[in-house]
Amino acid sequence: MSILLIQSHYQDPFNMSPPAFAEATAQGKLITVREMELTEAHFAAVSGLITTTHLDQVGFLRYAPAVASFLDRGGRWVFNGHMLRPILPELGTYVPMPQPKRADFVQVRQFDHPVFTGIDQRMLEANRGVAGFYGRGHNPMPSGAVAINTLGPAAVPVDWIWARPAGGEILSHAGNEFWGCGDDPDIKRHLAGRVIAWLAGELSR
């Protein structure tokens, strides 16, 4: 089965080919569907799901049963952005950091998840010297979730993984797509490739 990327905005220059996943698309591992063309049938035909920070979460709620069924079958979902309309009852609403300073954006690896293995998390802290693009808060962790990367002295869980008791896994990143953060193009390519491999079941938890 393949991986579904829900495209909620056009890539520059207004095309349907996410550059980070060009190889996976060419190999037939990834299919990209415009959000306005999404149907429940798309969820039944894939084993992995990517949603971006641009997802229309209000509109996405109509697919709650399809998403739950997708996860029940063992599907894996990479969620990017702020959870504002949680699609599952166990998920909570995004919590921003109050008045963060630079020290609050320092990233610390707490759990060596295979998507991030070998990646120096400090390389993702800043884009062109400006910190905060990676994340400025967290999506509350459901019971049983494990923090992957945290922010600052408060250990804000910006990235976490949840093996859902009923089946499936969710990797939550409370910010812009993490494979687009930092200034090192090699790290970005590695992260995008790891995302595809994990969603395809080629990497264990």
Side-chain angles (χ1 to χ4, degrees), residues 1-21 25 30-98 100 132-145 147-149 151 156-181 192 195 198-199:
M1 299 181 80
S2 56
I3 298 162
L4 171 66
L5 187 153
I6 299 176
Q7 185 65 296
S8 303
H9 69 297
Y10 284 110
Q11 299 286 335
D12 184 34
F14 307 106
N15 63 61
M16 277 288 291
S17 301
F21 301 115
T25 300
L30 180 77
I31 59 171
T32 301
V33 176
R34 284 287 289 163
E35 189 170 353
M36 64 184 68
E37 298 170 353
L38 190 65
T39 68
E40 291 188 359
H42 286 110
F43 297 96
V46 297
S47 59
L49 173 65
I50 300 172
T51 55
T52 74
T53 190
H54 300 279
L55 179 71
D56 173 9
Q57 295 184 41
V58 174
F60 196 56
L61 288 174
R62 77 187 70 166
Y63 300 109
V67 171
S69 294
F70 157 79
L71 291 167
D72 288 345
R73 297 194 317 271
R76 289 177 167 179
W77 177 14
V78 174
F79 176 94
N80 293 280
H82 303 165
M83 286 188 184
L84 301 175
R85 296 291 190 276
I87 198 166
L88 299 174
E90 300 91 343
L91 302 177
T93 303
Y94 174 76
V95 180
M97 292 191 293
F133 287 98
Y134 192 86
R136 292 172 172 262
H138 73 286
N139 298 318
M141 295 198 303
S143 177
I148 301 172
N149 299 305
L151 300 175
V156 173
V158 64
D159 298 317
W160 49 256
I161 182 73
W162 180 44
R164 184 168 167 264
E169 295 179 87
I170 299 175
L171 195 164
S172 167
H173 169 67
N176 297 314
E177 289 71 52
F178 57 82
W179 52 84
C181 294
V195 164
W198 182 73
L199 290 173

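Source: prediction; values computed, not measured. We count residues from 1, following the sequence as given.
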*Roughly how far, to the nearest 0.5 Å, is the OG1 atom of T25 from the CD1 atom of I3?*
9.5 Å
_For the CD1 atom of I170 and the CE atom of M141, what is their distance to the nearest 0.5 Å?_
13.5 Å
*Considering non-hydrogen atoms only, spot the tightest contact between T32 and Q7 and give its length.*
CG2-CB, 3.6 Å
*For P86, which residues count as a side-chain contact (heavy atoms from CB on, under 4.5 Å) partner, sequence neighbours excluded?*
L91, T93
*Looking at CD of E177 and OH of Y134, how far apart are the two atoms once the value is rounded to the nearest 0.5 Å?*
11.5 Å
*Residue pair A174 / G137: nearest heavy atoms and the distance that separates them*: CB-O, 3.8 Å
*Go through the structure and list residues passing side-chain contact (heavy atoms from CB on, under 4.5 Å) with S2, not counting sequence neighbours.*
I31, V46
*T39: side-chain hydrogen bond (donor to acceptor under 3.5 Å, both in side chains) partners, not counting sequence neighbours*: H42
*Can you list the residues that meet the ring-ring contact (aromatic ring centres under 6.0 Å, His included) rule with F178, with sequence neighbours excluded?*
F116, H173
*By side-chain contact (heavy atoms from CB on, under 4.5 Å), which residues pair with F133, not counting sequence neighbours?*
N127, V130, N176
*What distance separates W77 CH2 from T51 OG1, expressed to the nearest 0.5 Å?*
5.5 Å
*Looking only at heavy atoms, which two atoms of W198 and R76 are closest? And how far apart?*
O-NH1, 2.7 Å
*side-chain contact (heavy atoms from CB on, under 4.5 Å) with E90: which residues, sequence neighbours excluded?*
L88, P142, W162
*Looking only at heavy atoms, which two atoms of V95 and P140 are closest? And how far apart?*
CG2-CG, 4.1 Å
*asked:* Can you tell me how far apart CG (L49) and CG (L5) are? Round to the nearest 0.5 Å.
replied: 8.5 Å
*asked:* The criterion is salt bridge (charged side-chain N to carboxylate O under 4.0 Å, His left out); which residues satisfy it with D72, sequence neighbours excluded?
replied: R164
*Specify the closest pair of heavy atoms between S47 and F70, including all atoms of both residues, with the distance to one decimal.*
C-CE1, 3.5 Å
*asked:* Name the residue from L38, T52, V33, D56 that meets the side chain to side chain contact (heavy atoms under 4.5 Å, CB included) definition with I6.
replied: L38
_Polar side-chain atom of R136 near backbone of P100 as donor-acceptor pair, under 3.5 Å_ = no
*Taking all non-hydrogen atoms of both residues into account, name the closest pair between G92 and M83 and its distance.*
O-CB, 3.5 Å
_ring-ring contact (aromatic ring centres under 6.0 Å, His included) partners for W160, two or more places apart_ = none
_Residues which pass side-chain hydrogen bond (donor to acceptor under 3.5 Å, both in side chains) with E40, listed by chain and number, not counting sequence neighbours_ = none
_Partner set under ring-ring contact (aromatic ring centres under 6.0 Å, His included) for F43, not counting sequence neighbours_ = Y63
*Apply side chain to side chain contact (heavy atoms under 4.5 Å, CB included) to the pair W179 and I50, showing each step before the final yes or no.*
CA-CA 12 Å; W179 52 84; I50 300 172; 3.8 Å; yes
*Can you sort out the partners of N139 under side-chain hydrogen bond (donor to acceptor under 3.5 Å, both in side chains), two or more places apart, ordered by chain and number?*
S172
*Say you draw a straight line from CG of L55 to CD of E35; how long is it, rounded to the nearest 0.5 Å?*
5.0 Å
_F60: ring-ring contact (aromatic ring centres under 6.0 Å, His included) partners, not counting sequence neighbours_ = none
